[in-house]
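Keep in mind the model is a prediction, meaning the values are calculated, not measured. Below, chains carry the letters A, B, ... as their sequence lines are ordered, and counting in each starts from 1.
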Number of protein chains: 2
Amino acid sequence: MASELIRTSRATAREGRENAIFEAARSVFAEYGFKGSTTAEIAKRAEIPKANLHYYFPTKEALYRAVTEDVLTAWLEAASSFDESADPAEAIAAYVSTKMDMARQDPIGSRIWASEILRGAPVIGDFLETALLDWLKSRETIVRRWIKAGKLVPMEPRYFFYMIWATTQHYADFEGQMMALNGGKPLSDAQFEAAKTQTIATLLRGVLPSGT
Amino acid sequence: MASELIRTSRATAREGRENAIFEAARSVFAEYGFKGSTTAEIAKRAEIPKANLHYYFPTKEALYRAVTEDVLTAWLEAASSFDESADPAEAIAAYVSTKMDMARQDPIGSRIWASEILRGAPVIGDFLETALLDWLKSRETIVRRWIKAGKLVPMEPRYFFYMIWATTQHYADFEGQMMALNGGKPLSDAQFEAAKTQTIATLLRGVLPSGT
DNA sequence: GATAAGTTTGACCAATCGGTCAATTCTTCT
DNA sequence: AGAAGAATTGACCGATTGGTCAAACTTATC
């Protein structure tokens, strides 16, 4: 039930100043997108002179690509959680749970993804058309098999995955909106657990046959 | 079933060049966010000299506020669709349907909203804490009444609204991702209708008592 | 402790940023 | 037709942008 996904460090190992720059870049890119971000602001958050940033990352785009690559790696890691069970209810619950935990632990990564899609995915476009599409297709096959076996209600698997992605992503990307609706405070651990449990329950009720 | 929401013109009446600037600004702000957008790019898309833009909108921020206000107006219009029926299934179906249609017809508006939230809602923050919170609270009361009456499964209404908002918003904000997964083409009308129908069905199954 | 390699930094540059302004053109009214 | 106001425009301004560079400073190696 609890997640093993503890991201104390990023996927790619970095240390010292390089890591400070990397983390600063993540937060700035998540907030302002690629175009809206400035190397000066990143350097400021990393507490280093701007010139020093360009020693580790030659251009703003190189830094953005490094950050983006890291986000994709995390996505692929989470994706595998879908496959670890043969039972649809378990697989879906595990996947949604993992995605929710990711949104909670690494909202910045999720926001970088969202921001990248908003501007037309110029950097991760290739990934979407290849790795992501492959993943989706193969999981659609699995879901269709479950439907034929009567373990899931008839449906188009793709739109179900969109619901899962949308909901889990929402808890990262719209954290600000949720805070405003929650007295200015972020969701507490208890609130988040309730949200996660309920989301899984609603999704499962939505696709499991009635008698289950 | 079909939506009455035809947004051939924006909420606020505008004409001629002012409208061209307004629409150009919408598309640029949606793509790059406030900071990442430039008045030069907006002027270019509006096919006017940059100086002319400042005749109608004194500053970039004034233009952004005008665009943002328009998005909020559209949101409030859609919100009312929840109230038009006494039956929970009908109310939810109508609301989701309206929101889906909005995402389809005005994805740019949805993206401006998302982009604004991503950077901490500096402009619409007040709206979130007042009008949106009021709306949410009063609808939570309605949903709780339905739950007590046994018309809906026990749940925290808020997280259910988050699911609805997330899913409907996803079809606007992540259109680029969906295109990449759909052979580079946007969802056809038929595909979109299928997605909408299935989304409503899954959500309703998820919250309606089993015997229904 | 000298030398070389790796790291840090302030000063600087051309390009772009949001915005101004005076001059010009177009509309409207009489 | 001609005056008055509204709309349009190129030229321009100071500030900020991403990025460079040579000089200074640290660190590891002998």
From the options C:dA11, D:dA7, C:dG19, select the nucleotide whose nearest atom is closest to the side chain of A:Ala51.
C:dA11
Check this for me, if you would: do A:Lys35 and B:Glu31 make a salt bridge, where the nitrogen-to-carboxylate-oxygen distance has to be below 4.0 angstrom?
no
Roughly, in whole Å, what's the span from OH in B:Tyr64 to C1' in C:dG18?
17 Å
Whole angstrom value for the distance that separates P of D:dG19 from CD1 of A:Ile48:
14 Å
In this structure, how many angstroms lie between the P atom of C:dT7 and the CD1 atom of A:Ile21, rounded?
12 Å
Nucleotide nearest B:Tyr56 when distance is taken to its side chain, options C:dT7, D:dG18, D:dT8
D:dT8
Length of the line joining A:Lys60:NZ and C:dA15:P, which is rounded to integer Å:
18 Å
Just the rounded figure in Å: distance from C1' of C:dC17 to CD1 of B:Ile42.
12 Å
Among D:dG10, C:dG19, C:dT7, which nucleotide sits nearest the side chain of B:Pro49?
D:dG10
What is the distance, rounded to the nearest whole Å, between atom CG of B:Asn52 and atom P of C:dG19?
15 Å
Does A:Arg17 place a side-chain N or O at less than 4.0 Å from the phosphate oxygens OP1/OP2 of C:dT8?
yes
Are the side chain of A:Gln198 and the backbone N or O of B:Glu156 linked by a donor-acceptor pair below 3.5 Å?
yes
Given atom CD of A:Glu18 and atom P of C:dT8, what is their separation to the nearest angstrom?
11 Å
When the distance from NE2 of A:His54 to P of D:dG19 is rounded to whole Å, what number comes out?
5 Å
For D:dA7 and B:Tyr55 - does any side-chain N or O of the residue sit under 4.0 Å from the phosphate oxygens OP1/OP2?
yes
Donor-acceptor check, side chain of A:Thr141 to backbone of A:Lys137, threshold 3.5 angstrom: yes or no?
yes
Less than 4.0 Å between a side-chain N and a carboxylate O, is that true for B:Glu41 and B:Arg45?
yes
Hey, does the side-chain of A:Lys50 have a donor or acceptor N/O within less than 3.5 Å of a partner on the base of D:dG19?
yes
Polar side-chain atom of A:Gln169 near backbone of A:Ser110 as donor-acceptor pair, under 3.5 Å:
yes
Checking all strands, does A:Phe57 fall into the base, sugar-phosphate, or nothing category for heavy-atom contacts under 4.0 angstrom?
nothing
